[in-house]
Amino acid sequence: MSTRFRMGTNPWRLRLARPGLRWLLGLGLFLGLQASRSAAFYLPGLAPVNFCEASRETATCKSTVALFVNRLDSVESVLPYEYNTFDFCKDSEKRNPSENLGQVLFGERISSSPYKFPFNRTGTCVKVCVKSYDTANDDQEKKLAFLRKGIRLNYQHHWIIDNMPVIWCRNTGDGTKCCTPGFPIGCFITKSGESKHACLTHPEFNKSNIYFLFNHVDITITYHEDSGRNGGFARLVSARLEPQSYKHSGEGRLACNGPPMEIPEGRTEKFNVTYTYSVQFEENKSIKWASRWDYILDSMPHTNIQWLSIMNSFVIILFLSGMVAIIILRTLHRDIIRYNEMSSSEDAQEDFGWKLLHGDVFRPPRSRMLLSVFLGQGIQVLIMTFITLFLACLGFLSPSNRGALMTCAVVLWVLLGTPAGYVSARMYKTLKGVKWKTNFLLTALLCPGIVFADLFFMNVILWVEGSSAAISFGTLIGILAMWCGISVPLTFVGAYFGAKKKFRFPVCTNQIPRHIPQQSFFTKPLFGIMVGGILPFGCVFIQLFLILNSIWSHQMYFMFGFLFLVFIILLITCSEAAVLLCYFYLCAEDYHWWWRAFFTSSFTAVYLLIYTVHYFFAKLQITGMASAILYFGYTMVMVLIFFLFTGLQQPIRGSLLFEGERIVFSDSAFYTFNSWTPGIPVPRVSWRTAEMINSH
């Protein structure tokens, strides 16, 4: 595809009078021609790795396939542990790849392992190492007890080959195939003979009160060979394994068959555990390197569920949009036309409902400082979430780029202090506040301080438990430096310009507040707020279930396109629900709409909290007080973030609309402020009509 530039007819043509410009254009053309020769570009850390046999090894073609190990985690415990915390085979030349901020915060600890395979060479029952245990030795007894605990809580290995997770596939009871990016340490049979976890698929494990250790793995590595360039090379496209348990009789007579490796409960005689592996390579000409992650998605049939979620959300949006359209196009538009057709004040009829509130609708609410702080933090979280999900949809934050999603979110949050300070200070001044410096400090410190205090408390628990998810002291200092050294100054810049922004309301507020008539049950705040939160939650609860599975059940989440679409639907639903319910409040002559508009949509976070509690008791098998505290501690951070960015939808849109000098009318001013949606023209009335309405 080429683009032509007609220099003689283009009014914006480049003037190449200077030699420097000619040199710069020539350099640009040279770089463009060089770039056109390459077939594609790769993101950092995601470029393909070429493999070949040892006889053809070069600097660009490796002959050894290295296996890396990640942390071990469990669905029954929130505490992850490093691979070396357990007494497994360790690499004598331990290497830890560089980790980004997201990996550190998530507790990922990737390190090298002693499992190294010559490319395209089959290995059968290869010994890795031997571990000896003597219960008379206290140190070895502790290691053995920790290994039993890991088996009892179903801790899972997570191995990586060529930046791909090594998956374990097995057949379930209903005949379907299930694949997971991890495999268990072993399994356990209780005293009553009940098989736990992986023991269900191994009928030969039939002894009560015995731990069975998976000390052998059968690994299958699939590659795609490209013989067209540079004499041919191969690229890995999949890696699978099957864990096995074998009790090897001796180091010199390794036979990967026979009875399983048993670890009895309590003290026992001295015994050895020999770790072995078998590996084979298979060529697959149909799978390309660019689509090699597809094999992980074969056992994750969530697409139908995702489309069901989207259709459910669209139905809710159509319902709300219809209600809002009826109010705007029929009720309010008819009233404005009637006012414009009045020829004199004698033609004016007695008003009712929201038309009586033009002198109180802009009355500042209670706790205006807190409201403006919430709105400022909400806009920061909203923009951060939007950009992060958008980049994830483009593939920049794919699961293959580990930790990139969290790193992007944290960096964006730090850099978005300016819009948070601007919106908070501007809203605070709109509400006739004068302590803009206090507003700036609360915007910069209140909600981030709550999150940091919560995470610090969780980190203390992780430190005590010796978990790999514990953040080091140096990382905490670095996060504090980013917060205080970058985010806080940027928030001050935004607050300074927001406080300097001049503003006046389109109508004056009465000196004496208008009496609010007695409200019915349906127009009271609590009922409307509870109803307003149900509809947005109904749009996201299916996606919420998948996200919670990804976090706590350690499943892979990959459908960011669906998530981004649901995110947009959530914003629209929150806005329309707030518009609709605020209109009902004002029709009941209740002008305390500021906080109600905020809580109408932000009450969705309360339903999120209720759902996470239900998920904890109904879906998870988490045991232990520390794990329960960690679960609800992290959940509160999620709920706070959700509370902030859903609650800002209605008030922040209004504050950016009614500052224009063109809006000079009274009764319809509320319509312009609180019910405007993009694409619908702002209604106008004449000066004479506005004066007549005011006098009436």
Side-chain angles (χ1 to χ4, degrees), residues 67 69-77 79-91 113-115 124-137 139-159 166 168 170 180 182-191 193-219 241-251 253-279:
L67 186 146
V69 292
N70 203 345
R71 65 177 186 178
L72 284 83
D73 50 36
S74 169
V75 296
E76 298 187 12
S77 175
L79 301 169
Y81 291 99
E82 287 189 50
Y83 175 85
N84 291 331
T85 305
F86 292 89
D87 191 30
F88 297 131
C89 299
K90 298 177 176 59
D91 188 11
S113 75
Y115 295 85
T124 303
C125 206
V126 180
K127 185 184 73 171
V128 182
C129 72
V130 178
K131 294 292 182 179
S132 300
Y133 297 100
D134 185 2
T135 54
N137 187 306
D139 183 56
Q140 294 183 7
E141 172 62 24
K142 289 180 181 179
K143 293 179 179 179
L144 190 60
F146 194 72
L147 187 62
R148 291 193 190 101
K149 176 184 176 182
I151 296 175
R152 186 169 59 253
L153 295 178
N154 195 29
Y155 270 84
Q156 306 272 322
H157 285 283
H158 293 279
W159 288 3
V166 183
W168 171 44
R170 61 203 182 277
T180 57
F183 66 97
I185 297 175
C187 62
F188 174 62
I189 296 183
T190 63
K191 292 182 180 180
E194 180 184 0
S195 299
K196 291 288 188 178
H197 312 302
C199 287
L200 296 172
T201 60
H202 291 269
E204 65 274 16
F205 299 169
N206 51 20
K207 293 184 179 181
S208 302
N209 200 26
I210 293 293
Y211 296 87
F212 296 92
L213 176 67
F214 291 134
N215 60 332
H216 175 86
V217 288
D218 293 321
I219 302 175
L241 62 76
E242 184 68 30
Q244 304 289 347
S245 178
Y246 297 127
K247 185 176 182 179
H248 301 289
S249 57
E251 296 184 26
R253 299 184 301 275
L254 294 179
C256 293
N257 52 40
M261 183 66 216
E262 302 174 0
I263 301 178
E265 182 70 69
R267 291 187 173 270
T268 182
E269 298 179 356
K270 182 179 180 179
F271 66 95
N272 296 332
V273 176
T274 303
Y275 290 89
T276 57
Y277 72 86
S278 298
V279 61

Less than 4.5 Å apart, any side-chain heavy atom of [X] and any of [Y]?
X: Phe271; Y: Leu144; value: yes
X: Ile219; Y: Leu67; value: yes
X: Trp159; Y: Tyr83; value: yes
X: Leu147; Y: Ile185; value: yes
X: Cys129; Y: Phe88; value: no
X: Pro243; Y: Trp168; value: yes
X: Leu72; Y: His157; value: yes
X: Phe183; Y: Val217; value: yes

State, to 0.1 Å, how close [X] and [Y] come at their nearest heavy-atom pair, and which atoms those are.
X: Cys199; Y: Ile189; result: SG-CG1, 4.1 Å
X: Ile151; Y: Gly186; result: CG2-C, 3.7 Å
X: Asp87; Y: Tyr133; result: OD2-OH, 2.8 Å
X: Asn154; Y: Pro184; result: OD1-CB, 3.5 Å

Roughly how far apart are [X] [atom1] and [Y] [atom2], rounded to 0.5 Å?
X: His216; Y: Lys127; atom1: NE2; atom2: NZ; result: 15.0 Å
X: His158; Y: Gln156; atom1: NE2; atom2: CD; result: 6.0 Å
X: Cys125; Y: Tyr277; atom1: SG; atom2: OH; result: 11.0 Å
X: Asp73; Y: Glu76; atom1: CG; atom2: CD; result: 12.0 Å
X: Asn84; Y: Arg71; atom1: CG; atom2: CZ; result: 15.5 Å
X: His248; Y: Cys256; atom1: NE2; atom2: SG; result: 5.0 Å

I'd like to know if the side chain of [X] reaches the main chain of [Y], judged simply by a donor and an acceptor atom lying under 3.5 Å from each other, with no hydrogens or angles considered.
X: Ser77; Y: Ser74; answer: no
X: Ser278; Y: Asp218; answer: no
X: Arg170; Y: Glu242; answer: no

Pairing donors with acceptors under 3.5 angstrom, does anything connect the side chains of Ser132 and Asn272? yes
Which residues pass the ring pair (Phe, Tyr, Trp, His ring centres under 6.0 Å) test with Phe146, sequence neighbours left out? Tyr81, Phe86
Please list, chain by chain and in numerical order, all residues satisfying side-chain hydrogen bond (donor to acceptor under 3.5 Å, both in side chains) with Gln140, sequence neighbours excluded. none
Working note: Phe205 + Cys187, criterion side-chain contact (heavy atoms from CB on, under 4.5 Å); need CA distance, chi angles, decisive distance, verdict. CA-CA 9 Å; Phe205 299 169; Cys187 62; 3.5 Å; yes
Report, as yes or no, whether the 6.0 Å neighbourhood of atom NZ on Lys131 holds more than 12 heavy atoms from other residues, nucleotides or ligands. yes
Table please: side-chain donor-acceptor pairs of residues 207-215 below 3.5 Å, with sequence neighbours left out.
unit_1, atom_1, unit_2, atom_2, d
Lys207, NZ, Glu262, OE1, 3.4
Lys207, NZ, Glu262, OE2, 3.2
Tyr211, OH, Arg152, NH1, 2.9
Tyr211, OH, Glu265, OE1, 2.8
Asn215, OD1, Tyr246, N, 3.0
Asn215, ND2, Tyr246, O, 2.8
Asn215, ND2, Thr274, O, 2.8

